[in-house]
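As the structure is a prediction and not an experimental result, all values here were calculated from the model. The analysis underlying the following values was restricted to heavy atoms, covering all of them including side chains, and did not include hydrogens, waters or symmetry mates.
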Amino acid sequence: MTEDAFPRDPEAPEPARPPVTPGAPVAPVTPGASGGSPPLSPPAPAAPQAPRPPAYTPGSAQPRLNRPVHERYPQIRPTSGYGDPRITRTGPGPGAGTEQEPERSSKLTARLTLALTVVIGQLWGLTIVVDEWMSGNTGTAWWGAGFLCLSFLVVLGIWLLDPKDR
């Protein structure tokens with residue numbers, strides 16, 4: 001197999017080869033051949049090194065972006081945040097995120113669960129009604145349409161139950 005599974009990019013630089021040290025034997029030494037040691041051949045010239053890419057230096061080709069941060073953004077002062085007089089509130093106080101009215105939360109959760117159950121029932125009913133209508137059973141489809149209207153009225157009643165929670 002002469003071709004590699006991953007062909008080389010023709011525009012990529014050649015991979016670096018280990019440098020040849022002068023005076024190192026090029027041919028392997030075979031004992032007993034012509035009086036002991038083989039003659040040394042002249043060292044081969046080193047392959048030219050591919051030019052290295054320039055070292056990374058942060059910066060931009062646009063000189064205006066190479067200015068220090070305090071010159072690029074003069075509105076950001078070293079004391080922005082803790083010493084900025086424009087900041088008057090530090091955020092939510094202690095106990096933020098905890099439930100203030102657990103009764104109301106449980107009531108809303110129960111209502112949401114009931115409404116989601118009714119919506120799932122409506123989707124199921126709509127599937128059945130459409131299937132019956134397409135089969136030609138219009139009597140069953142009308143009963144299903146009545147079920148869908150009734151479930152809509154249940155959701156409307158849940159919504160009207162407690163107007164102060166909206």
Side-chain angles (χ1 to χ4, degrees), residues 1-19 46-166:
M1 234 174 131
T2 58
E3 291 197 21
D4 191 12
F6 302 103
R8 244 181 51 70
D9 183 8
E11 296 181 12
E14 289 290 325
R17 294 191 175 106
Q49 295 286 334
R52 302 191 94 181
Y56 173 75
T57 54
S60 175
Q62 300 175 17
R64 66 183 180 83
L65 297 176
N66 292 330
R67 296 177 297 157
V69 174
H70 67 276
E71 290 179 15
R72 280 185 283 164
Y73 305 103
Q75 70 272 22
I76 299 177
R77 296 188 289 280
T79 58
S80 283
Y82 66 91
D84 197 340
R86 296 174 292 179
I87 297 176
T88 57
R89 292 178 182 81
T90 60
T98 60
E99 186 54 55
Q100 303 296 324
E101 298 178 53
E103 296 85 14
R104 180 173 181 262
S105 173
S106 63
K107 191 167 48 172
L108 290 175
T109 303
R111 241 192 277 162
L112 180 66
T113 304
L114 188 59
L116 286 175
T117 305
V118 170
V119 167
I120 291 171
Q122 284 178 329
L123 290 173
W124 171 76
L126 183 63
T127 305
I128 299 297
V129 166
V130 169
D131 188 39
E132 291 297 319
W133 183 268
M134 298 303 266
S135 297
N137 300 333
T138 55
T140 309
W142 283 112
W143 280 106
F147 168 77
L148 291 177
C149 291
L150 180 67
S151 62
F152 174 75
L153 292 175
V154 168
V155 171
L156 189 62
I158 292 171
W159 182 71
L160 291 172
L161 219 103
D162 202 0
K164 69 179 172 84
D165 268 346
R166 283 181 285 221

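Closest heavy-atom contact between Val154 and Val118: CG1-CG2, 4.1 Å. Phe147 and Gly121 make their closest contact through CE2-O, 3.8 Å (heavy atoms, listed as atom of the first residue, atom of the second, distance).
To the nearest 0.5 angstrom, Leu123 atom CG is 9.5 Å from Ser151 atom OG. To the nearest 0.5 Å, atoms CG (Leu108) and OG1 (Thr113) are separated by 10.5 Å. The distance from the CG atom of Leu114 to the OG1 atom of Thr109 is 12.5 Å, given to the nearest 0.5 Å.
Legend: residues meeting side chain to side chain contact (heavy atoms under 4.5 Å, CB included) with Leu116, ordered by chain and number and at least two apart, are Leu112. In this structure Asn137 satisfies the side chain to side chain donor-acceptor pair (under 3.5 Å) test together with Glu132, sequence neighbours excluded.
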